[in-house]
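Structure first, commentary second.
Every number for a ligand or one of its atoms is a count from 1 in the order of the listing. Below, all heavy atoms of this structure are taken into account, side chains as well, without hydrogens, waters or symmetry copies.
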Amino acid sequence: MKKLYLRTFGCQMNEYDSEKIADVLRVAEGAERTERPEEADVIVFNTCSVREKAQEKVFADLGRVRHLKRAKPDLMIAVGGCVASQEGAAIVERSPFVDVVFGPQTLHRLPELLERRRSSGTPQVDIRFPLIEKFDNLPEPRADGGRALVSIMEGCSKYCSFCVVPYTRGEEVSRPFDDVMAETAKLAGQGVREVTLLGQNVNAWRGTINGAAADFAELLTFVSELSIERIRYTTSHPREFTQRLIDAHAALPKLAPHVHLPVQSGSDRVLAAMKRGYTALEYRSIIRRLRAARPDVSVSSDFIVGFPGETEADFAATLKLARELELDDSYCFIYSPRPGTPAAELPDQIAANAKSERLQRLQTQIQSQADAVSERMIGTTERVLVEGTSRRRIHELAGRTGNNRVVNFAGPTELVHRFTDVRITGRQPHSLRGQLAK
Ligand code: SAM
Ligand code: F3S
């Protein structure tokens with residue numbers, strides 16, 4: 001039996017793609033996954049290029065597996081994901097021992113590319129965007145536990161001035177309604193209790209339902225009729241966060257009380273330079289209306305600090321927005337100039353030490369806001385999806401609350417992959433403690 005060593009970098013889209021890479025290689029080559037690169041027949045790095053640090057990791061990792069080819073000449077090394085998409089054949093030029101380079105939209109062709117590499121003896125590169133072809137060529141989904149990711153759209157057409165995603169993953173393409181429903185229903189039939197609808201901008205989803213044009217809010221209504229208990233989605237974009245979507249949060253109890261809505265900055269000047277397409281006031285208005293629709297909703301966000309030209313006053317506006325909106329645990333990033341993006345050419349790049357200092361201040365503030373949310377949860381009863389046993393205490397279970405916090409509590413292993421009610425009794429730095437509710 002062949003062995004696959006697969007490493008994933010970056011976002012949930014890449015995690016989803018990695019599951020599919022493992023699926024196609026299991027079907028085509030009978031390959032099972034291994035955690036040890038030295039016993040692999042195929043090594044795949046599914047890469048991320050959204051920030052410089054992520055990008056550098058690929059070449060460091062490739063350097064670490066190169067020697068394995070000496071002992072096993074048949075070993076195949078493949079690079080996929082966004083670095084592959086951006087660098088293409090340059091990867092093979094820099095690292096000639098790489099056999100296959102494939103993009104996020106050509107992962108279903110990986111077996112064919114490996115085959116061609118073996119028969120021709122020359123490295124294969126395929127990083128095209130053949131629209132939605134990918135989904136039509138993937139094996140049936142296989143549930144692995146109580147929750148699953150379902151991709152509903154690919155790519156991004158927003159072209160924020162700092163971001164490589166539109167170039168590496170292509171323009172927005174929605175997956176047809178029937179496909180999304182069929183995949184979700186199949187997963188539900190296999191025991192999945194919670195789905196996360198996935199895409200770079202899920203609320204840009206457009207489709208046809210019963211012959212009529214439909215949007216993301218409508219898709220949610222249909223998905224929530226399936227026999228699953230909780231629905232999440234990520235990522236959504238403030239520009240298309242419509243009143244209809246907000247109303248869906250009031251109407252659909254299966255929607256998790258948690259929305260991840262990246263704001264990036266609290267300064268209108270910076271938002272305009274980022275080409276985000278909304279103002280801080282518009283973002284605030286969305287959150288206010290969302291909370292009116294669903295008072296228990298927790299909102300998390302993404303922030304970039306040190307965007308070119310960001311002044312201390314701009315940054316203060318970001319801190320203020322995060323504080324006033326009581327944003328929950330969020331991702332804070334240092335701006336990383338990405339080759340080929342407009343922002344990388346802007347004058348007035350911010351010094352590295354100023355960027356780190358702002359990151360530190362924002363993270364400290366966000367952490368204390370998140371702690372305050374956790375503190376308020378003590379004494380409440382939460383609906384928890386049990387994911388497995390606790391990492392530190394093996395006789396305990398670990399699950400996730402509606403607002404995406406890990407909670408550890410004592411309970412029988414029969415509860416794994418099921419929903420249960422847990423009373424929150426305390427908090428630790430990155431998790432909660434609880435007791436099974438009677
Ligand atoms: N589609 C999502 C959205 O609407 O914002 C985000 C996709 S992006 C892969 C995830 C996050 O990475 C962004 O929200 C942004 O905060 C961060 N990011 C993207 N490009 C970046 C860059 N050049 N430097 C630092 N952070 C970046
Ligand atoms: Fe990137 Fe902006 Fe799209 S952050 S993924 S270009 S919405």
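Contact atoms of ligand 2 toward P166: 6 (S) (distance under 4.0 Å to a heavy atom of the residue). Ligand 2 places these atoms under 4.0 Å from at least one heavy atom of Q200: 5 (S). When each atom of ligand 2 is checked for a heavy atom of R276 under 4.0 Å away, the hits are 2 (Fe), 4 (S), 7 (S). Per-residue contacts place V165 under 4.0 angstrom from the following atoms of ligand 2 (heavy atoms of the residue considered): 5 (S). Those atoms of ligand 1 with a heavy atom of H237 less than 4.0 angstrom away are 4 (O). Ligand-side atoms of ligand 2 in range of F162: 4 (S), range being under 4.0 angstrom from any heavy atom. Interface atoms of ligand 1 facing Q264, defined by a heavy-atom separation under 4.0 Å, are 5 (O), 13 (C), 14 (O), 15 (C), 16 (O). Applying the 4.0 Å criterion to heavy atoms of H237 picks out, from ligand 2, the atoms 7 (S).
Compare R169, K158, R239, R51 by their heavy atoms: the one nearest to atom 18 (N) of ligand 1 is in R51.
Scanning all protein heavy atoms for the shortest distance to atom 6 (S) of ligand 2 gives C160 N, 3.4 Å. The nearest heavy-atom contact from the protein to atom 11 (C) of ligand 1 is D302 OD2, 3.4 Å. The protein heavy atom nearest to atom 19 (C) of ligand 1 is V50 CG2, 3.4 Å.
Between the side chain of N201 and the backbone N or O of A204 there is no donor-acceptor pair closer than 3.5 Å. Although no hydrogens or angles enter the test, the distance criterion places a donor-acceptor pair under 3.5 Å between the side chain of S301 and the main chain of V263. Put simply, the side chain of N14 gets close to the backbone of F9: a donor and an acceptor are under 3.5 Å apart. Side chain of W205 to backbone of R175: a donor-acceptor contact under 3.5 angstrom is found.
Looking at P262 against ligand 2, nothing comes within 4.0 Å, counting heavy atoms.
Taking 2.8 Å as the criterion, C163 counts as a coordinating residue of atom 1 (Fe) of ligand 2, since one of its N, O or S atoms falls below it. Because the distance cut-off is set at 2.8 Å, C156 qualifies as a neighbour of atom 3 (Fe) of ligand 2 through one of its N, O or S atoms.
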